[in-house]
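Read the structure below first, then the notes.
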Amino acid sequence: MDLDALFEEARRAASLAYAPYSEFRVGAALLSNDGVVFSGCNVENRSYGLTICAERSALVSAVSKGKRSFTALVIVTPDSAEPVGPCGACRQVLSEFMPADALVCFEDGAGGRITTTMGALLPWDSLHRK
Ligand code: THU
């Protein structure tokens, strides 16, 4: 699996974030189980609550192209000093399309990384039970 390509796509997506309210840019890149990369960025709104996270932006883009399963997700937050994982709402939405063993990696602005799995981020998910 070419994770480097995913990190590059996620960084590029973060540079396109629309985040004038938080000034916190997020980029995400998802790898479909047939090897295609889809990216997304956070898109904020002046109503705040309608903000769309980078992870859901990437996921909706991929599902809109017919992809239904993903083996890896990379999240890049160039404005943070620590790697940032997906919010609770995104974990729930991602779990619909990512198996428990799918890789999830986060990278901060200095290149620090954390690598984990979908199952670790959302344990006891009913969709993942055999
Ligand atoms: N954000 C994401 O896009 N993904 C995350 O995992 C954490 C938070 C966005 C939402 C908002 O635009 C900004 O980051 C600050 O919370």
Side-chain angles (χ1 to χ4, degrees):
M1 187 185 298
D2 184 7
L3 280 181
D4 285 346
L6 281 184
F7 278 99
E8 204 155 301
E9 276 304 306
R11 277 186 221 113
R12 193 183 4 199
S15 76
L16 300 173
Y18 178 71
Y21 305 104
S22 70
E23 297 187 325
F24 190 82
R25 297 166 296 166
V26 186
L30 264 176
L31 182 65
S32 63
N33 61 355
D34 59 351
V36 185
V37 177
F38 293 87
S39 63
C41 61
N42 52 333
V43 181
E44 297 188 343
N45 186 267
R46 62 187 179 275
S47 76
Y48 291 20
L50 290 177
T51 290
I52 299 168
C53 293
E55 297 88 332
R56 274 179 283 165
S57 160
L59 183 72
V60 166
S61 163
V63 174
S64 302
K65 295 291 182 194
K67 306 302 178 186
R68 294 286 173 88
S69 185
F70 305 92
T71 53
L73 166 67
V74 166
I75 302 158
V76 172
T77 51
D79 304 315
S80 82
E82 302 287 337
V84 172
C87 74
C90 284
R91 291 178 197 204
Q92 175 69 33
V93 173
L94 290 163
S95 74
E96 188 93 15
F97 299 99
M98 295 181 77
D101 65 354
L103 277 184
V104 182
C105 308
F106 341 131
E107 184 184 77
D108 62 31
R113 288 180 183 178
I114 287 175
T115 300
T116 184
T117 62
M118 187 68 237
L121 290 171
L122 193 70
W124 296 103
D125 177 37
S126 58
L127 264 184
H128 291 156
R129 265 181 239 149
K130 291 264 155 33

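Not counting sequence neighbours, Asp101 has no partner by the salt bridge (charged side-chain N to carboxylate O under 4.0 Å, His left out) test. Looking at residues two or more places apart in sequence or on another chain, you find a salt bridge (charged side-chain N to carboxylate O under 4.0 Å, His left out) between Arg25 and Asp79. The salt bridge (charged side-chain N to carboxylate O under 4.0 Å, His left out) search around Asp4 returns none, not counting sequence neighbours. For the side chain to side chain contact (heavy atoms under 4.5 Å, CB included) test, residues two or more places apart in sequence or in another chain that qualify with Pro20 are Tyr18, Glu44. Qualifying side chain to side chain contact (heavy atoms under 4.5 Å, CB included) partners for Glu9, counting only residues two or more places apart in sequence or in other chains: Arg12, Ala29, Val37, Ser39. Applying the side chain to side chain contact (heavy atoms under 4.5 Å, CB included) test to Ala72 and every residue at least two apart in sequence or in another chain returns Met1, Leu3, Leu6, Leu31, Leu103. A search for side chain to side chain contact (heavy atoms under 4.5 Å, CB included) contacts involving Ala54 returns Val26, Ala28, not counting sequence neighbours. For Glu107, the side-chain hydrogen bond (donor to acceptor under 3.5 Å, both in side chains) test picks out Arg11, Arg113, with sequence neighbours left out.
Between Phe24 and Ser80, the shortest heavy-atom distance links the atoms CE1-CB, 3.6 Å. Closest of all the heavy-atom pairs between Thr116 and Ala120 is OG1-CB, 3.3 Å. Pairing each heavy atom of Asp125 with each of Leu122, the nearest pair is CB-O, 3.6 Å. Contact detail for Ala58 and Gly40: the closest heavy-atom pair is CB-N, 3.6 Å.
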Give every donor-acceptor pair under 3.5 Å between a side-chain atom in residues 81-93 and any protein atom, sequence neighbours left out.
{"residue": "Arg91", "atom": "NE", "partner": "Pro86", "partner atom": "O", "Å": "2.7"}
{"residue": "Arg91", "atom": "NH1", "partner": "Leu121", "partner atom": "O", "Å": "3.3"}
{"residue": "Arg91", "atom": "NH2", "partner": "Pro86", "partner atom": "O", "Å": "3.1"}

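Between the CZ atom in Phe7 and the CG atom in Asp2 there is a gap of 11.0 Å [rounded to 0.5 Å]. Note: Ile52 CD1 to Leu50 CG = 8.0 Å, rounded to the nearest 0.5 Å. The CG atom of Leu30 sits 6.0 Å away from atom CG of Leu59, with the distance rounded to the nearest 0.5 Å. The structure places CG of Leu94 at 7.5 Å from CD1 of Ile75, a figure rounded to the nearest 0.5 Å.
Applying the ring-ring contact (aromatic ring centres under 6.0 Å, His included) rule to pairs touching residues 34-89 yields Tyr21-Tyr48, sequence neighbours excluded. Judged as a salt bridge (charged side-chain N to carboxylate O under 4.0 Å, His left out), not a single pair has a partner in residues 53-63 (not counting sequence neighbours). Pairs of residues two or more places apart, or lying in two chains, that qualify as salt bridge (charged side-chain N to carboxylate O under 4.0 Å, His left out) and include a residue from residues 66-75 are Asp34-Lys67.
A donor-acceptor pair under 3.5 Å links the side-chain atoms of Ser32 to the main chain of Val36, judged by distance alone. In this structure, the side chain of Ser57 engages the main chain of Cys41 through a donor-acceptor pair within 3.5 Å.
One hydrophobic cluster, built from ILVMFWY side chains closer than 4.5 Å, holds both Met118 and Val63.
In this structure, Thr77 and Phe106 have side chains that are not in contact, with every pair of non-hydrogen atoms separated by 4.5 Å or more.
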